[in-house]
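Each remark here refers to the structure printed beneath this line.
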Amino acid sequence: MKHALILTVFATAATAEPVFTDKSANLPPHIYGGDWEHFVGGGVAVFDCNGDALPDLFAAGGATPAALFVNGGDFQFSPAPLPELIATTGAYPLDIDSDGLMDLFVLRAGANVALRGLGGCQFADATTDWGLPVQADTWSTAFSAWWEDDSRPVMAVGNYVDRSNPGGPFMVCDENAILRPETTGYSTEPLTPGFCPLSMLAARDARGRMTLRLSNDRQYYVRPGWEQMWDITDRRFLTEGDGWKKLSIWGMGIASRDLTGDGLDEVMLTSMGDNVLSYANADGSYSPARFDLGTYAAIPFDGSDGRPSTGWHAQFGDVDNDGLDDLFIAKGNVDQMPTNAIHDPNNLLMQQPDGTFVERADVAGVATTERSRGAALVDLDLDGRLDLVVMNRRAPMELYRNETPDTGHWLGVSLSQSGGNRNAIGASVQVETAQGVHIQQATVGGGHAGGQAGPLHFGLGQATAATVTVTWPDGTATVQDVPMDQYVTITRAP
């Protein structure tokens, strides 16, 4: 098939098996807890809150207070004060007021909160100051954002079950909302129909257009309902007339990455049972991955249980820097759902030169079986290797240092420009080496209830030189040669 042939371009020398060392004891105690309103959610936001380049962690707490952990280096984390936030489901970092400091949009079972970054890992509730609409009864479980002009971001909030509907919880999914910046404050635009999204991502789709993807949980929409794609420019949902085929899954998380080097992102959707990887086609459509690629991860890989798995956060990242993006999936039973595996190991699917994926979570030491929810593959010690944070429901957070030997070369790319969209959300970064082309989009959203603001990480295998092309949100481009094995910031010329 087309994608298997393209993937052979990236074949590189074999590297050692992935190795992660458990550093969970270095995190202060924290658990995502609570009753049925916190069966879902449990996200972690990763960003630098004090300007030292080390990624810090905001952890949702559910019925317990949310927490902020500051990265002191060498995998040492200390708690920092936050405005007290209860009933949090997740959070996403972005610079809402374009002051160069990361803010947080915090999702809750209740009124959502915008925290303004003040520097030095200090935050203040800016929900009212920024004129953000407050809906006290929503149960927010998904978020994404993008810029349509040079002011403030447009933000999409995905709401789960309508808690105020006495006929619930089934078939009473709440309305989603688009929050649009006005001269003062924000206005609210309903995004309906809503089918209980657990993840949203605004990114360029297979047509090359900015589109908001919503991954919806059929556990509650029951019927009718399906996955959704909303064209951001046309402000309408795609239909079968657009080539958008209806798909109904227990949608929980979204991961997006160009795996073939053709400039179009493939998309991973997690679910109960089969996790669906779709390959982008040149005609703007998507095709499901072949079963033998190894990405469906439908049941526990260790053979401990024949019942279906439950996938939550998914993320692509090159764990061994061989030039091939790998895939982490956080797994965990909703609570005690008897139809699904109870002790459900997380997946670390390592991509091979032929485009297949092979399970290595057990070898790597990250195949834990708590009720995992959110997660993050991120370089926490700035050594060029992606480390791992895992959030668990009713169990402590997990922290792992990537100590894989003999990894390949790498590059971390941050973007900066003037104006409201300081971090160039909506841009794409192409890194070209003698071994192939790697392309990533700068986005806010996806995953499950949490995301990252920081450098885009590229594994580059045995390459010794790279040319980086940034296509900025307005379509203009910057091209420059960049040395290997470092973090760089590419700033757009005024």
Side-chain angles (χ1 to χ4, degrees), residues 37-43 45 60 62 87-94 104-114 132-146 153-165 168-169 171-180 186 188-203 205 210-221 225-232 235-238 247-256 267 269-271 311-314 373-374 443-451:
E37 288 182 335
H38 300 293
F39 284 0
V40 300
T88 56
T89 57
Y92 286 82
L94 72 164
L104 285 168
F105 194 96
V106 182
L107 304 173
R108 299 178 67 243
N112 296 324
V113 172
L132 288 165
V134 175
Q135 297 173 285
D137 293 330
T138 55
W139 180 0
S140 298
T141 49
F143 180 83
S144 192
W146 62 94
V154 180
M155 296 181 282
V157 180
N159 297 317
Y160 202 51
V161 171
D162 182 352
R163 300 191 298 160
S164 65
N165 192 319
M171 301 184 72
V172 294
C173 293
D174 207 348
E175 285 188 345
N176 304 314
I178 303 292
L179 307 182
R180 293 194 178 277
Y186 274 78
T188 302
E189 171 188 316
L191 183 62
T192 57
F195 301 133
C196 293
L198 289 174
S199 188
M200 307 170 86
L201 178 62
D205 64 9
M210 284 296 293
T211 309
L212 178 66
R213 180 184 288 270
L214 296 87
S215 193
N216 300 310
D217 182 7
R218 67 180 293 180
Q219 175 71 16
Y220 289 97
Y221 68 66
W226 46 82
E227 300 290 286
Q228 294 169 293
M229 291 278 274
W230 189 75
D231 188 290
I232 286 173
R235 300 189 186 183
R236 67 176 181 87
F237 284 106
L238 302 188
L247 172 67
S248 294
I249 61 174
W250 288 270
M252 296 180 176
I254 301 173
S256 180
V267 179
L269 304 175
T270 57
S271 178
W312 298 90
H313 184 91
R373 292 295 189 265
T443 61
V444 177
H448 179 73

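Only heavy atoms go into these numbers, but all of them, side chains included; no hydrogens, no water, no symmetry mates.
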Checklist entry - Once you round to the nearest 0.5 Å, how far does CD of Q219 lie from SG of C196? => result 10.0 Å

Next on the checklist: Please report the interatomic distance CG(L191) to CG(L179), rounded to the nearest 0.5 Å.
Outcome noted: 11.0 Å

Item to check | Minimum heavy-atom distance between G42 and R373, given as atom pair plus value | outcome: O-CB, 3.7 Å

Item to check | Nearest heavy-atom neighbours spanning A145 and P153 | outcome: CB-CB, 4.5 Å

Item to check | side chain to side chain contact (heavy atoms under 4.5 Å, CB included) partner of T89, the single match among V40, L198, L107, V106 | outcome: L107

Item to check | Contacts of W226 that satisfy ring-ring contact (aromatic ring centres under 6.0 Å, His included) - sequence neighbours left out | outcome: F195

Item to check | Straight-line distance of W139 CH2 to C173 SG, nearest 0.5 Å | outcome: 10.0 Å

Next on the checklist: Are the side chains of R108 and V113 in contact, using a 4.5 Å heavy-atom criterion?
Outcome noted: yes

Item to check | Shortest non-hydrogen contact from W146 toward W230 | outcome: CZ2-CZ3, 4.2 Å

Next on the checklist: Can a donor-acceptor pair be found, under 3.5 Å and without considering hydrogens, that links the side chain of H313 to the backbone of G447?
Outcome noted: no

Next on the checklist: Minimum heavy-atom separation for A60 and G90, please, with both atom names.
Outcome noted: CB-N, 3.7 Å

Item to check | Residue pair N112, L132: steps toward the side chain to side chain contact (heavy atoms under 4.5 Å, CB included) verdict | outcome: CA-CA 9 Å; N112 296 324; L132 288 165; over 6 Å; no

Next on the checklist: The test is side chain to side chain contact (heavy atoms under 4.5 Å, CB included); show your working for I249 and E227 and say whether it passes.
Outcome noted: CA-CA 7 Å; I249 61 174; E227 300 290 286; 3.5 Å; yes

Checklist outcome for this item: CD (Q228) and CG (N216) are apart, to the nearest 0.5 Å, by 5.0 Å

Item to check | side chain to side chain contact (heavy atoms under 4.5 Å, CB included) between H448 and T270, intermediate numbers included | outcome: CA-CA 9 Å; H448 179 73; T270 57; over 6 Å; no

Checklist outcome for this item: Looking only at heavy atoms, the pair that brings T443 and A203 closest together is CG2-CB, 4.0 Å

Checklist outcome for this item: Output for pair (N176 CG, L212 CG), nearest 0.5 Å, gives 8.5 Å

Return all side-chain donor-acceptor pairs below 3.5 angstrom for residues 154-163, not counting sequence neighbours, or 'none' if the list is empty.
| residue | atom | partner | partner atom | Å |
| --- | --- | --- | --- | --- |
| N159 | OD1 | S140 | OG | 2.7 |
| N159 | ND2 | E175 | O | 2.8 |
| Y160 | OH | D217 | OD2 | 2.4 |
| D162 | OD1 | S164 | N | 3.0 |
| D162 | OD1 | S164 | OG | 2.7 |
| R163 | NE | D137 | O | 3.3 |
| R163 | NH1 | E37 | OE1 | 3.3 |
| R163 | NH1 | E37 | OE2 | 2.9 |

Next on the checklist: With rounding to the nearest 0.5 angstrom, report the OH to CE distance, Y221 to M171.
Outcome noted: 11.5 Å

Next on the checklist: Run I178 and R235 through side chain to side chain contact (heavy atoms under 4.5 Å, CB included) and show every step you take.
Outcome noted: CA-CA 10 Å; I178 303 292; R235 300 189 186 183; over 6 Å; no

Item to check | Y92: ring-ring contact (aromatic ring centres under 6.0 Å, His included) partners, not counting sequence neighbours | outcome: F143

Checklist entry - Does S215 use its side chain to pair, donor to acceptor, with the backbone of S199 at less than 3.5 Å? => result no

Next on the checklist: I want to check something: taking the side chain as every heavy atom from C-beta on, are V267 and L201 in contact at a cut-off of under 4.5 Å?
Outcome noted: no

